[in-house]
Asker: 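Below you will find the structure I want to go over with you.
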Amino acid sequence: MGKNGALDARLAAAAAFVRNGAVFADIGTDHAYLPIALYKAGVIRRGLAADIAAGPIARAREHIAACGLSDVIDTLQTDGLNDVQRYTPTDIALCGMGGELIARIISEAPFVHDPAIRLILQPMTMQPYLRRWLCEHGFSIEREALACAAGKLYPILQVSYSGMTTTLSDTEALLGAWNLAHRAEIELFSVFLQSKLESLRAASAGRRSAGKESPEDAALLAELEQLADEYKI
């Protein structure tokens, strides 16, 4: 968050997925930046800033009070989504944590098996794992966004429960099926693709030199190389 109170590109992209009139829960909050910005913008009716650690909750509480919003934004020290259901959130953000942790938090919260609840997820790591886990556990990835902040690219996923399971290819898990389907409309897609391709080339070369490259590795690299040809990367 900048000195003027504006969200950085990563959090702004997450905020853009929050619906008007939402009761919003920010899980793993940091100073309650997201709920404060969303309330000030008139997007949400109420907010919740939740975190497992006392420090972030104390900072969030202070920041909320300084903004005069203690009556509309609550704070909760809790592990993941425990006790969050009693605030009846309609939109829930889990940003700035690993994909495996996000999956674990969702798996421990049966109340999000409600198509009316929107999840806004910003995994810092293990994005392919998270996409696969969601699709295999009845969640639909309805939309994605890419944001660049401090020189790094971040994917943000808009997700809800449908009860229908799907299987992703390796390329869809890595890049996002929605991103692939809408790549012509996504300004940062070519940069995202190049980043993933460079990482995959390096990893593949390392496995090849160790005699451990699999046919799946080679097939994924070939698919990304073909996509890169479209963008002349």
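Quick caveat: nothing in here was measured; it's all calculated off a predicted structure. Numbering starts at 1 and runs along the sequence shown. FYI, side chains are in, hydrogens and waters are out, and symmetry mates aren't considered; it's all heavy atoms of this structure.
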Asker: Report the distance from atom CG of L121 to atom CD1 of I141, rounding to the nearest 0.5 Å.
Answerer: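 These two atoms lie 8.5 Å from each other.
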Asker: Quick one: pull up CG in L197 and CD in E225 and give me the separation to the nearest 0.5 Å.
Answerer: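 Nearest 0.5 Å value for the CG-CD distance: 5.0 Å.
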Asker: Checking side chain to side chain contact (heavy atoms under 4.5 Å, CB included) for the pair D8/Y33: CA distance, chi angles, key distance, verdict?
Answerer: CA-CA 10 Å; D8 68 9; Y33 288 146; over 6 Å; no
Asker: Do P89 and V84 have side chains that approach each other closer than 4.5 Å (heavy atoms only, starting at C-beta)?
Answerer: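 Yes; the side chains approach each other to less than 4.5 Å.
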Asker: Working note: Q158 + W178, criterion side chain to side chain contact (heavy atoms under 4.5 Å, CB included); need CA distance, chi angles, decisive distance, verdict.
Answerer: CA-CA 10 Å; Q158 175 189 308; W178 193 92; over 6 Å; no
Asker: Could you work out, with side chain to side chain contact (heavy atoms under 4.5 Å, CB included) as the rule, every residue matching S204, not counting sequence neighbours?
Answerer: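 With sequence neighbours excluded, S204 shows a side chain to side chain contact (heavy atoms under 4.5 Å, CB included) to R208, E213, L221, given in chain and number order.
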Asker: Scan for salt bridge (Lys or Arg N to Asp or Glu O under 4.0 Å) pairs involving residues 149-177, sequence neighbours excluded, and state none if there are none.
Answerer: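 Checked against salt bridge (Lys or Arg N to Asp or Glu O under 4.0 Å) - neighbours excluded - the pairs reaching residues 149-177 are R132-D170.
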Asker: Minimum heavy-atom separation for Y154 and A149, please, with both atom names.
Answerer: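 So the two residues come closest at CE1-O, 3.6 Å.
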Asker: Which pairs with one or both residues in residues 68-77 pass salt bridge (Lys or Arg N to Asp or Glu O under 4.0 Å), sequence neighbours excluded?
Answerer: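 Listed once each, the pairs are R46-D74.
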Asker: Go through the structure and list residues passing salt bridge (Lys or Arg N to Asp or Glu O under 4.0 Å) with D51, not counting sequence neighbours.
Answerer: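 For D51 there are no salt bridge (Lys or Arg N to Asp or Glu O under 4.0 Å) partners, ignoring immediate neighbours.
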Asker: What heavy-atom pair brings L34 and A15 nearest, and what distance separates the two atoms?
Answerer: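 For L34 versus A15, the nearest heavy atoms are CD2-CB, 3.8 Å.
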Asker: Kindly compute the distance separating CG (L130) from CE (M97), expressed to the nearest 0.5 Å.
Answerer: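 The CG atom of L130 sits 11.0 Å away from the CE atom of M97.
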Asker: What residues form a salt bridge (Lys or Arg N to Asp or Glu O under 4.0 Å) with D217, not counting sequence neighbours?
Answerer: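 Once residues adjacent in sequence are excluded, the partners of D217 under the salt bridge (Lys or Arg N to Asp or Glu O under 4.0 Å) criterion are R207.
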Asker: Residues in side-chain hydrogen bond (donor to acceptor under 3.5 Å, both in side chains) with R143, at least two apart?
Answerer: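 Once residues adjacent in sequence are excluded, R143 has no partner under the side-chain hydrogen bond (donor to acceptor under 3.5 Å, both in side chains) criterion.
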Asker: Establish whether Y161 and L94 are linked, either directly or via other cluster members, by ILVMFWY side-chain heavy-atom contacts under 4.5 Å.
Answerer: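 Yes, it is one cluster - the side chains of Y161 and L94 are joined through contacts under 4.5 Å.
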Asker: Is there a donor-acceptor pair under 3.5 Å between the side chain of S162 and the backbone N or O of M164?
Answerer: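 Checking the backbone N and O of M164 against the side chain of S162, a donor-acceptor pair under 3.5 Å is found.
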Asker: Go through the steps for H113 and F139 under the test ring-ring contact (aromatic ring centres under 6.0 Å, His included), then give the verdict.
Answerer: CA-CA 8 Å; H113 289 183; F139 291 89; 5.6 Å; yes
Asker: Rounded to the nearest 0.5 Å, what separation is found between the CD atom of Q194 and the CG atom of L188?
Answerer: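 The CG atom of L188 is 12.0 Å from CD of Q194, to the nearest 0.5 Å.
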Asker: Linking I/L/V/M/F/W/Y whenever any side-chain heavy atoms sit under 4.5 Å apart, do M126 and L157 land together?
Answerer: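 Yes, one cluster joins them.
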Asker: Check M124 against G96 and note the closest heavy-atom contact, atom names and distance.
Answerer: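 M124 and G96 have their closest heavy atoms at CG-C, 3.4 Å.
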Asker: With a 4.5 Å cut-off on side-chain heavy atoms, are F24 and L48 touching?
Answerer: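 No - every pair of side-chain heavy atoms lies 4.5 Å or more apart.
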Asker: Establish, from distance only, whether the side-chain atoms of T165 and E136 form a donor-acceptor pair under 3.5 Å.
Answerer: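 No, no side-chain donor-acceptor contact under 3.5 Å.
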Asker: Using the side chain to side chain contact (heavy atoms under 4.5 Å, CB included) definition, which of the options L224, L168, N179 pairs with L174?
Answerer: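 With L174 as partner, side chain to side chain contact (heavy atoms under 4.5 Å, CB included) holds for just one option, L224.
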Asker: Test your reading of the model: is there a side-chain donor-acceptor pair from S199 to the backbone of K196, 3.5 Å cut-off?
Answerer: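 Here the side-chain-to-backbone pair does not exist.
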Asker: State the CD1-OG1 distance between I105 and T78, to the nearest 0.5 angstrom.
Answerer: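 If I round to the nearest 0.5 Å, the distance is 9.5 Å.
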Asker: Who passes side chain to side chain contact (heavy atoms under 4.5 Å, CB included) against A14, sequence neighbours left out?
Answerer: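 A14 satisfies side chain to side chain contact (heavy atoms under 4.5 Å, CB included) with C95, I120, I156 only.
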Asker: Show every salt bridge (Lys or Arg N to Asp or Glu O under 4.0 Å) that has at least one partner inside residues 19-35, sequence neighbours left out.
Answerer: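 For residues 19-35, and leaving out neighbouring residues, the salt bridge (Lys or Arg N to Asp or Glu O under 4.0 Å) pairs sorted by first residue read R19-D91.
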Asker: Closest heavy-atom contact between A53 and Q77?
Answerer: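 For A53 versus Q77, the nearest heavy atoms are C-NE2, 3.8 Å.
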Asker: Any luck finding a side-chain donor-acceptor pair between R118 and S160 under 3.5 Å?
Answerer: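 Judged by distance alone, the side chains do not pair up.
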Asker: Under the rule for salt bridge (Lys or Arg N to Asp or Glu O under 4.0 Å), what residues qualify as partners of R45, not counting sequence neighbours?
Answerer: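 R45 satisfies salt bridge (Lys or Arg N to Asp or Glu O under 4.0 Å) with no residue once adjacent residues are dropped.
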Asker: What do you reckon, is CZ of F192 surrounded by more than 12 foreign heavy atoms closer than 6.0 Å?
Answerer: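 It does: F192 CZ has more than 12 such atoms within range.
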Asker: Listing request: all salt bridge (Lys or Arg N to Asp or Glu O under 4.0 Å) pairs with a residue in residues 174-191, at least two apart in sequence or in separate chains.
Answerer: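 The answer is R183-E230.
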Asker: Who pairs with A32 by side chain to side chain contact (heavy atoms under 4.5 Å, CB included), at least two apart in sequence or on another chain?
Answerer: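 With sequence neighbours excluded, A32 shows a side chain to side chain contact (heavy atoms under 4.5 Å, CB included) to T29, P35, I36, A49, A60, I64, given in chain and number order.
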Asker: What verdict does the side chain to side chain contact (heavy atoms under 4.5 Å, CB included) test give for V112 and I106, after you've listed the backbone C-alpha separation in whole Å, the side-chain angles of each residue and the deciding distance to 0.1 Å?
Answerer: CA-CA 7 Å; V112 301; I106 294 172; 3.9 Å; yes
Asker: With sequence neighbours excluded, tell me which residues meet salt bridge (Lys or Arg N to Asp or Glu O under 4.0 Å) with D79.
Answerer: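 Result, salt bridge (Lys or Arg N to Asp or Glu O under 4.0 Å) vs D79: R104.
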Asker: Hydrophobic clustering (ILVMFWY, side-chain heavy atoms < 4.5 Å, transitive) - are L146 and V191 grouped together?
Answerer: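 Shared cluster, yes.
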Asker: Are L227 and L175 close enough that some pair of their side-chain heavy atoms sits under 4.5 Å apart?
Answerer: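 When only atoms from C-beta onward are counted, L175 and L227 do touch, with a gap below 4.5 Å.
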Asker: When you measure from the side chain of H63 to the backbone of R59, do you find a donor-acceptor pair of N or O atoms at a distance under 3.5 Å?
Answerer: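 No; judged by distance alone, with no hydrogens or angles, the pair does not exist.
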Asker: Hey, does W133 have a side-chain heavy atom less than 4.5 Å from the side chain of S107?
Answerer: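 Side chain of S107 against side chain of W133, heavy atoms only: contact under 4.5 Å found.
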Asker: Hydrophobic clusters here meaning ILVMFWY residues chained together by side-chain heavy-atom distances under 4.5 Å, can you tell me if I117 and I27 are in one?
Answerer: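 Yes, one cluster joins them.
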Asker: Does any N or O in the side chain of Q85 come within less than 3.5 Å of the main-chain N or O of F111, such that one atom is a donor and the other an acceptor?
Answerer: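 Judged by distance alone, no pair lies under 3.5 Å.
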Asker: With clusters defined by side-chain heavy atoms of hydrophobic residues (ILVMFWY) lying less than 4.5 Å apart, directly or transitively, does F17 cluster with V43?
Answerer: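 They do share one cluster, since a chain of ILVMFWY contacts under 4.5 Å joins V43 to F17.
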Asker: Which heavy-atom pair separates P123 from Q127 by the least distance, and what is that distance?
Answerer: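 Minimum heavy-atom separation between P123 and Q127: O-NE2, 3.1 Å.
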Asker: Any chance you could measure S70, atom OG, to E62, atom CD, to the nearest 0.5 Å?
Answerer: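 The distance works out to 11.0 Å.
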Asker: Do you know which two heavy atoms are closest between E142 and V159, and how far apart they sit?
Answerer: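 What the structure gives for the nearest pair is OE1-C, 4.3 Å.
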Asker: Could you please spell out the steps behind the side chain to side chain contact (heavy atoms under 4.5 Å, CB included) verdict for L76 and D83?
Answerer: CA-CA 9 Å; L76 175 67; D83 294 329; 4.2 Å; yes
Asker: Are H182 and F189 an aromatic pair, judged by ring center distance below 6.0 Å?
Answerer: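 No, the ring centres sit 6.0 Å or more apart.
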